[in-house]
Every structure is written in C-alpha cells, then in structure tokens.
J.: 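Shown below is the structure under consideration.
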Amino acid sequence: MTAIPPLLLEVEGLGGMVLMNTPKFIVDHNVGKLAKWLRIMGYDTRFFNGADDADLVATALAEGRVILTRDTQIVKRGIITSGRLKAFLIQSDDPEQQMRQVIDRLNLDCQLRPFALCLECNQPLQERSKQQVKDLVPPYVFQTQSQYMECPACHRIYWRGTHWQAMTNRLRKFVEASAQEGGR
Ligand SMILES: [Zn+2]
C-alpha cells in the first residue's frame, strides 16, 4: 500500500485524540456521502457545502470538528500541519471505500450510538410513543414497529425498519472488509 507519510502522521495524531473523547466531524462536499454513514453510527457530523475552504476550516476550529476531505490543499494548510486542527485526507472516489478507510484508519465504532442522530440534519433524535406517531407513519409500519424517534428539526420519523436494517448491515460489511484487509 502506498500510504503517504503525512497521512500517517495525521492518523497518529488523531488516534490519541479519539482515545480521549468521541470525535465530531465536518465533511467536505467532495466526500458528502460520508455524512449519512457517520450519523448512522452516531458520530456528530456537519456537512459543509460552501465553496470557501476558509469557512470549512473556521467552522471546524470553532466547533472542534475533524475535517474529512479529498482536497489535498486543505490538509497542507499550516493550521493542519501544525496540529492545531485535525484533518483526514480521503483517498478514494468511491463512497464505500471512503467509509472503509475512515472506519479503519480512525478506529471508529460502528455501534457507537445507533439510532441517535437525524441522518439528514444531524440533530439528536427524540423518542416518540407509538400513539404520537400514529398518523405520521404508514399503517403497516405502525402495526409492526414499537420504537420510534423524531427529528426535532425536520420532523422526520425514524424506526428500525427494513431501510435502517439494510444500512446497518452494509455498515457491518464495511467494518468486516476493513478488518480482513488490515489482517486484524
Ligand atoms: Zn432532521
């Protein structure tokens, strides 16, 4: 594997931080698909869709977030190379490869806080009773599911249905594949 030394340095620096507390992320628009996957795992993840790198860096710094990006210019910035701000360079164009790289190299826990964050807006979900969602979910869902969560911002209702299960199964496959490739 042609691992680039600066990348390894970043990972080592990040590794120490991950041990102390759960990282929060800011995902650049060029790796935007990572946002949903990280939120499924329960990692607080902001999506950056602005055009100006300086805004990305400023937000990351202000909110204590690790930058995930494919932009090599960002990781060359002094604030990153000096270690004041963490950034992780994503190497693949393929979203599944990206997720595997992130899980593997940043030692993420895919069971951190499942079912905790809105996949669209990153808000902490709130529990709702079955009666509260009666008119908000399809009848077959109401009949078969007992646990519901609502996003206080966009008001999407979540339940552990087939879509959710399919996504968590895919996530598990990323982790298994990463573990096999890493020989662990
Ligand atoms: Zn939401």
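Every heavy atom of this structure was used, including side-chain atoms; hydrogens, water molecules and symmetry mates were not. When a ligand or atom number is given, it counts from 1 through the structure's own listing order.
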J.: Run the salt-bridge test on D44 and R39 with the 4.0 Å N-O cut-off and return the result as yes or no.
T.: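 A salt bridge is absent here (no side-chain N lies under 4.0 Å from a carboxylate O).
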J.: Any salt bridge between E96 and K173, counting N to O under 4.0 Å?
T.: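 Here E96 does not pair with K173 in a salt bridge, since their nearest N and O are not under 4.0 Å apart.
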J.: Listing by chain and number, what protein N/O/S atoms are under 2.8 Å from the Zn ion (ligand 1)?
T.: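 Protein N, O or S atoms closer than 2.8 Å to the Zn ion (ligand 1): C118 SG, C121 SG, C151 SG, C154 SG.
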J.: Please enumerate all residues that pass salt bridge (Lys or Arg N to Asp or Glu O under 4.0 Å) together with R156, with sequence neighbours excluded.
T.: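 Result, salt bridge (Lys or Arg N to Asp or Glu O under 4.0 Å) vs R156: none returned.
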J.: With sequence neighbours excluded, tell me which residues meet side chain to side chain contact (heavy atoms under 4.5 Å, CB included) with L112.
T.: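 By the side chain to side chain contact (heavy atoms under 4.5 Å, CB included) rule, L112 matches T22, Y43, D109.
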J.: Check side chain to side chain donor-acceptor pair (under 3.5 Å) between R113 and all other residues, then give those that pass, not counting sequence neighbours.
T.: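 Here no residue qualifies.
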J.: Under 4.0 Å between a side-chain nitrogen and a carboxylate oxygen: does that hold for R46 and E63?
T.: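 Looking at R46 and E63, the cut-off is met.
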